[in-house]
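Nothing here was measured: the structure is a model prediction, and the numbers come from that model. Numbering of ligands and ligand atoms starts at 1, following listing order. For the single chain, residues carry numbers from 1 onward in sequence order. Below, each value reflects all heavy atoms present in this structure, side chains not excepted, and no hydrogens, waters or symmetry copies.
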Amino acid sequence: MKISYYNGQFKNDDEVTVDYNDRAFYFGDGVYEVIRIYDGEFFTVNEHVDRMMRSASEIQIEGVTRREIMDIVTELKDRNDIDNGALYIQLSRGIEKRGHAYPIGIDPVILAYVNSSDRPLELADTGVFAITSEDYRWLKCHVKSLNLLPNVMEKERAVRLGAHETIMHRDGIVTEGSSTNVFLVKDGVMQTHPADNLILNGITRLEILKLADELGIDYKEAPFSVEELKAADEAMITSTTQEITPVVKVDDSVIANGTRGEITTRLQEAFNKKIHKLNLVK
Ligand code: PDD
């Protein structure tokens, strides 16, 4: 039986009911994280919890400590028998009848659960197709907010067109995917959008930059255009659940002859090693 968590209580998953006055429903008024579990152990949990605290602070949600979040995610993982999967946690401003301004004197509400899922090993090998679209989101994309309507709409457009991801751009400059960060490689140099307010600074993105340092792969955190992406030697998207996935076609442009590139492969191997080294995969 799966155990989930809502508003102070761990319960059997099918007994959890949520309050319809939770501001997460009315306004998407909250933040979230997805934390990977490999072989029963968290991967980069500290980084995720730190980012959750930063996201909460950016939208002025107060009254929850890092320790409380860490205790909840740890207990939730321990109460569930999960090998490979992910833990979802969201923090909403709280429960109060609908009204736009922040209600006074309410406590934030946490919802969390775990799901089993396999590593995306096949796509890591074959790569995926992506389409592009204008990035019409707000200007605080560094906040991992529950408001994901543009992301959902753009993922749906990709799926309907037989693609895997929509890569978004502002006036031709690539920001990120609907649920991933985007990298290109050109002439041996890797490039990704700088971690500013226009993208979510992915934990996987940061892991890849660390791996690039370790492997001596040159990179720059600098904006690039859709045209540059289409003309790249290699392209990849990254996230907690999608790890490092090669992109082999963007709109009608084939990248790297439609196969996984060399630097992408080196990074994937280093990423796998890291998981193994941490004893996260048997
Ligand atoms: N998405 N950019 C966006 C818009 C994202 O939603 C995500 C993650 C990322 C990658 O971040 P990270 O490497 O920390 O997972 C970048 C999660 C997985 C999701 O919404 O399910």
Visitor: Under 3.5 Å, is there a donor on one side chain and an acceptor on the other for S178 and E165?
Guide: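 A donor-acceptor contact under 3.5 Å links the two side chains.
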
Visitor: Taking atom types as modelled and ignoring hydrogens, do the side chains of Q242 and T180 form a donor-acceptor contact shorter than 3.5 angstrom?
Guide: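 No, no side-chain donor-acceptor contact under 3.5 Å.
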
Visitor: May I ask you to check whether T238 has an N/O atom sitting below 3.5 Å from an N/O atom of ligand 1?
Guide: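 For ligand 1, there is no N or O atom that lies under 3.5 Å from one belonging to T238.
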
Visitor: Got the closest protein heavy atom to atom 20 (O) of ligand 1, with its distance?
Guide: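 For atom 20 (O) of ligand 1, the nearest protein heavy atom is Y32 OH, 2.6 Å.
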
Visitor: Taking only residues two or more places apart in sequence or in another chain, which ones pass salt bridge (charged side-chain N to carboxylate O under 4.0 Å, His left out) with R54?
Guide: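 If we apply the salt bridge (charged side-chain N to carboxylate O under 4.0 Å, His left out) test to R54, skipping adjacent residues, there are no hits.
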
Visitor: Using a heavy-atom cut-off of under 4.0 Å, does the side chain or the backbone of Q242 touch ligand 1, or both, or neither?
Guide: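 The answer is neither.
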
Visitor: Taking only heavy atoms of T240, which atoms of ligand 1 are found under 4.0 Å from at least one of them?
Guide: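 Result: 12 (P), 13 (O), 14 (O), 15 (O).
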
Visitor: Give the single entry among S179, S239, P150 that approaches atom 7 (C) of ligand 1 most closely by any heavy atom.
Guide: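 Heavy atom nearest to atom 7 (C) of ligand 1 belongs to S179.
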
Visitor: Going by the order shown, which atoms of ligand 1 are within less than 4.0 Å of some heavy atom of N151?
Guide: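 Within the 4.0 Å cut-off of N151, ligand 1 contributes 4 (C).
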
Visitor: Return a yes/no value for R51: is any of its N or O atoms, backbone included, closer than 3.5 angstrom to an N or O of ligand 1?
Guide: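 Checking ligand 1 against R51, an N or O pair does fall under 3.5 Å apart.
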
Visitor: Show which atoms of ligand 1 fall inside a sub-4.0 Å distance from at least one heavy-atom site of S178.
Guide: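 So the atoms of ligand 1 that pass are 4 (C).
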
Visitor: Sorted by first residue and then second, give each salt bridge (Lys or Arg N to Asp or Glu O under 4.0 Å) pair with at least one member in residues 43-52; sequence neighbours left out.
Guide: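 Sorted result for residues 43-52: E33-R51, D50-R66.
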
Visitor: Consider only side-chain N and O atoms of K155 and S179, and report whether a donor and an acceptor are under 3.5 Å apart.
Guide: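 There is such a pair (donor and acceptor under 3.5 Å, judged by atom type) between the side chains of K155 and S179.
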
Visitor: Looking at non-hydrogen atoms alone, which of G177, S145, G202 comes nearest to atom 11 (O) of ligand 1?
Guide: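 The option holding the nearest heavy atom is G202.
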
